[in-house]
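Take a look at the structure below.
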Amino acid sequence: MRNDPIGLIDSGVGGLTVLKAIHRRLPAEATVYFGDQQRLPYGPRTKQEVRTFVRQIATFLRRTDRIKLLVIACNTATAAALPALHQELPIPVVGVIAPGAKAAAKVTQTHRIGVIATAGTVNSRSYDRLVRKQDLQNQVTSLACPEFVTLAEANDLTSPHAQQVVTAKLQPLRAAHLDTLILGCTHFPLLQPVIHRAMGPTVHLVDPGVATAQRVATVLTEHQLTRLKTTPPTARYYTTGDGASFERVAQQWLSTAVHVQTVPLTDLTQLDTLEAK
Ligand code: DGL
């Protein structure tokens with residue numbers, strides 16, 4: 001069990017930002033990543049739909065790779081499915097929202113915190129609740145930015161077009177006098193340089209992936225699940241979408257060779273129920 005991989009789930013390439021933070025923080029751990037690109041975006045979907053998808057992928061990863069811990073490396077899926085999966089799965093499950101909210105509450109000086117995310121995450125109000133739970137003085141301004149998911153999936157991260165889309169979209173947030181902005185969608189750290197330029201140097205950008213990796217390290221220790229093997233760890237990748245485009249983004253972001261395996265959706269839709277505990 002201790003030597004089994006950590007599983008990560010996202011709708012696409014966004015969760016690779018969490019994977020990179022986990023590789024940095026826990027370089028000895030094996031990982032397996034699942035991007036559900038054919039059903040992307042998750043942002044506009046209902047909670048029930050997203051929960052079903054996450055259940056299917058969790059079941060798939062448990063069967064194929066015997067994952068020892070699941071990271072829901074997607075804010076939308078964390079908001080929709082974390083409490084249910086906590087209850088249903090016999091392995092620890094870590095989401096990205098609580099670590100991100102805590103990190104932002106630590107950093108802010110003025111208590112004016114922004115959240116950019118998908119519509120699903122914004123409508124769940126999960127960040128508002130958790131950021132204010134840290135300190136009731138915190139004021140949260142949220143903005144749904146689904147266009148940024150499209151840019152990240154297209155690997156359009158630094159072009160003048162990407163800058164123009166991001167700057168125009170973030171205009172209303174500039175007027176909110178924030179000192180901290182949570183990148184509340186795991187795709188958004190891929191666009192960090194253009195977001196930084198749009199918001200200006202005084203706004204601190206919080207990538208919840210970094211705090212999530214720290215949380216994963218703590219949970220592994222608590223459950224005595226830290227990997228013992230001294231052989232180099234493996235990193236596996238699955239997508240339900242186009243393997244070539246996944247590999248392009250993953251290789252560029254992770255600076256390593258990536259080979260992704262394509263999973264037909266029918267392999268997932270048969271897995272509607274979780275395996276018994
Ligand atoms: N990366 C996902 C998140 O963190 C969502 C992107 C999507 O809409 O599929 O919310």
Side-chain angles (χ1 to χ4, degrees), residues 7-22 33-54 56-58 70-82 85 93-101 103-104 114-128 130 142-157 162 165-166 169 181-192 195 205-213 215-216 237-242 245-246 249-250 253-254 265 268:
L8 291 95
I9 294 180
D10 182 46
S11 58
V13 295
L16 293 170
T17 62
V18 183
L19 182 70
K20 189 171 181 169
I22 288 178
Y33 182 91
F34 199 110
D36 192 8
Q37 288 179 298
Q38 200 172 324
R39 297 188 290 194
L40 174 136
Y42 279 7
R45 294 182 183 274
T46 65
K47 259 174 115 166
Q48 286 75 5
E49 216 175 357
V50 173
R51 211 178 287 148
T52 301
F53 294 170
V54 177
Q56 291 168 348
I57 300 167
L70 176 68
V71 182
I72 307 183
C74 170
N75 292 264
T76 315
T78 297
L82 182 65
L85 282 242
V93 186
V94 175
V96 285
I97 296 184
V115 179
I116 51 174
T118 66
T121 303
V122 169
N123 293 338
S124 77
R125 304 188 63 84
S126 302
Y127 272 110
D128 309 49
L130 291 170
S142 303
L143 183 69
C145 302
E147 303 85 346
F148 298 4
V149 176
T150 311
L151 290 173
E153 284 290 326
N155 205 18
D156 186 0
L157 307 177
V165 170
V166 168
K169 186 76 196 188
L181 180 65
I182 302 175
L183 307 179
C185 168
T186 53
H187 282 75
F188 297 176
L190 291 161
L191 292 156
Q192 188 144 347
I195 295 171
L205 303 183
V206 173
D207 171 2
V210 177
T212 302
R215 178 72 196 140
V216 170
Y237 301 87
Y238 297 104
T239 179
T240 52
D242 174 28
S245 88
F246 181 94
V249 179
W253 180 249
L254 301 170
L265 264 192
L268 292 181

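One-based numbering, in listed order, for ligands and for the atoms of each. Computed from a prediction, not measured in an experiment: that's the story for all the values here.
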Nearest protein heavy atom with distance in Å, relative to atom 10 (O) of ligand 1: Thr76 OG1, 2.6 Å

Heavy-atom gap Cys74 to ligand 1 smaller than 4.0 Å: yes

Ligand 1 contacted by Gly43 (non-hydrogen, < 4.0 Å): yes

Donor-acceptor contact below 3.5 Å, side chain Thr76 vs main chain Gly120: no

Atom 6 (C) of ligand 1: the protein heavy-atom neighbour that sits closest, reported with distance to 0.1 Å: Ser11 OG, 3.5 Å

Atoms in ligand 1 with a heavy atom of Asn75 nearer than 4.0 Å: 3 (C), 4 (O), 10 (O)

Atom 1 (N) of ligand 1 [closest protein heavy-atom partner, distance rounded to 0.1 Å]: His187 ND1, 2.8 Å

Check: Thr240 side chain, Gln38 main-chain N or O, donor-acceptor pair, under 3.5 Å: yes

Distance filter under 4.0 Å to Thr118 heavy atoms, resulting ligand 1 atoms: 5 (C), 6 (C), 8 (O), 10 (O)

Contact check, side chains of Trp253 and Lys20, non-hydrogen atoms, under 4.5 Å: yes

Region of Asp10 engaging ligand 1 - heavy atom pairs below 4.0 Å: side chain

side-chain contact (heavy atoms from CB on, under 4.5 Å) between Asp10 and Tyr42, intermediate numbers included: CA-CA 9 Å; Asp10 182 46; Tyr42 279 7; 5.9 Å; no

Main-chain N/O of Arg39 paired with Arg45 side-chain donor or acceptor, under 3.5 Å: yes

Nearest non-hydrogen partners of Tyr33 and Val13, listed with the distance: OH-C, 3.6 Å

Numbered atoms of ligand 1 (with element) below 4.0 Å of Pro41, judged on heavy atoms: 7 (C), 8 (O), 9 (O)

Numbered atoms of ligand 1 (with element) below 4.0 Å of Tyr42, judged on heavy atoms: 7 (C), 8 (O), 9 (O)

Closest approach of Pro208 to Leu183 (non-hydrogen atoms, all atoms of both residues): CD-O, 3.2 Å

